[in-house]
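All remarks here apply to the structure that follows.
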Amino acid sequence: MQLVTEENITGLAAARWGTAHDPRLAEIMQALVRHLHDFAREVRLTEPEWMAAMRWLTRTGQISDEKREEFILASDVLGLSMLVVQINHRLDPGATPATVLGPFHIEGSPALEFGADMADRVSGTPLYVTGTVRDLDGKAVGGAVLDVWQADTEGAYEAQLDVDEARLRGKYTSKPDGTYCVRTIAPLGYSIPMDGPVGELISQTDISHYRPAHIHFLLDVPGYEPLITHLFQQGAEYLDSDVVFGTKAELVVEFERREPGPTPDGGTSEVPWLLAGYDFVLQPKA
Ligand code: BEZ
Ligand code: FE
């Protein structure tokens with residue numbers, strides 16, 4: 001019989017979890033045990049602190065449902081989600097970098113024509129996002145589906161609202177020469193949900209709880225590494241303090257102000273509008 005001591009408990013627990021039938025699960029659980037024990041030793045975790053952490057985890061589970069993913073939000077604000085993205089998408093420096101998916105993507109967005117308005121009846125400054133989809137050699141990628149979604153000017157995503165129709169999302173397809181054109185409204189920065197356990201923790205710090213203005217893109221093109229990314233507005237507030245660490249210099253784009261007149265979809269705007277030019281560069285699958 002092996003009696004438990006402060007010195008041997010980590011080895012005992014790691015060995016026990018090393019019996020997991022799947023070797024990868026065994027590796028993960030053993031490392032988790034070692035790091036958790038090291039953490040408790042390093043901060044000399046007290047029993048009230050341990051209990052507070054257990055209660056916080058319980059509340060995080062209790063507030064979560066299909067629409068609200070508080071554990072993912074916790075991972076986001078700890079920088080874990082973005083670290084996992086970076087470890088798993090070590091792309092060529094010439095390729096468009098990946099960033100976090102976020103909790104508001106909805107499957108099955110409607111297919112939209114070149115330049116069609118995905119912000120139909122949602123008020124805001126008209127914005128055209130246009131450019132090409134190409135590969136690392138500069139070759140046009142035609143037929144690429146760009147799945148696009150964003151928040152309105154109040155910071156609300158469709159997933160947070162009770163609406164029947166697709167709102168501020170759509171799927172555009174690049175033309176044979178790789179060009180695409182999204183018509184939408186300019187997004188604004190917004191706060192992550194602060195009415196739960198994550199917000200409660202953040203409120204005890206000087207951390208800004210905002211994300212800079214951005215639009216989400218997902219390009220899953222056969223033969224290329226899937227790309228989940230955002231475009232951020234140059235000069236937007238919170239670019240250097242994004243609460244989920246999602247910003248990357250390569251994804252910051254100027255939204256140029258244009259006077260009323262011809263627009264990239266071949267139409268005309270009666271009001272001033274914004275133009276963001278961006279070429280998505282996809283990395284071929286290894
Ligand atoms: C978002 O970009 O929509 C988002 C990402 C992570 C946490 C909250 C929101
Ligand atoms: Fe977002």
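Both counts, for ligands and for their atoms, begin at 1 and track the order of listing.
Ligand-side atoms of ligand 1 in range of Phe104: 3 (O), 9 (C), range being under 4.0 angstrom from any heavy atom. In the vicinity of Asp76, heavy-atom distances shorter than 4.0 Å reach the ligand 1 atoms 6 (C), 7 (C). Here is the list of ligand 1 atoms found below 4.0 Å of a heavy atom in His216: 1 (C), 2 (O), 3 (O). Each of the atoms 1 (C), 2 (O), 3 (O), 4 (C), 9 (C) of ligand 1 lies under 4.0 Å from some heavy atom of Tyr190. The atoms of ligand 1 that sit less than 4.0 Å from any heavy atom of Val244 are 6 (C), 7 (C). Here is the list of ligand 1 atoms found below 4.0 Å of a heavy atom in Ile192: 8 (C).
Compare Ala159, Gly155, Pro103, Pro193 by their heavy atoms: the one nearest to atom 8 (C) of ligand 1 is in Pro103. Taking only non-hydrogen atoms, the option from Arg211, His209, Gln160, Met82 nearest to atom 2 (O) of ligand 1 is Arg211.
What you find for Trp56 and Ala74 is that their closest heavy atoms are CH2-CB, 3.8 Å.
In the model, Tyr128 has no side-chain atom that pairs as donor or acceptor with a side-chain atom of Ser269 under 3.5 Å.
Thr130 OG1 to Tyr172 OH: the interatomic distance, rounded to the nearest 0.5 Å, is 11.0 Å.
The pair Asp195-Arg68 meets the salt-bridge criterion, since a charged nitrogen lies less than 4.0 angstrom from a carboxylate oxygen. Of the charged side-chain nitrogens involved, at least one lies within less than 4.0 Å of a carboxylate oxygen, so that Arg258 and Glu256 count as a salt-bridged pair. Between Arg44 and Glu42 no salt bridge is recorded (no basic side-chain N to carboxylate O distance below 4.0 Å).
Protein atoms that are N, O or S and lie under 2.8 Å from the Fe ion (ligand 2) are these: Tyr157 OH, Tyr190 OH, His214 NE2, His216 NE2.
Within a 6.0 Å sphere centred on CG of Leu83, heavy atoms belonging to other residues, nucleotides or ligands number more than 12.
Listed by chain and number, the residues in a side chain to side chain donor-acceptor pair (under 3.5 Å) with Tyr157 are Tyr190, His214, His216 (sequence neighbours excluded).
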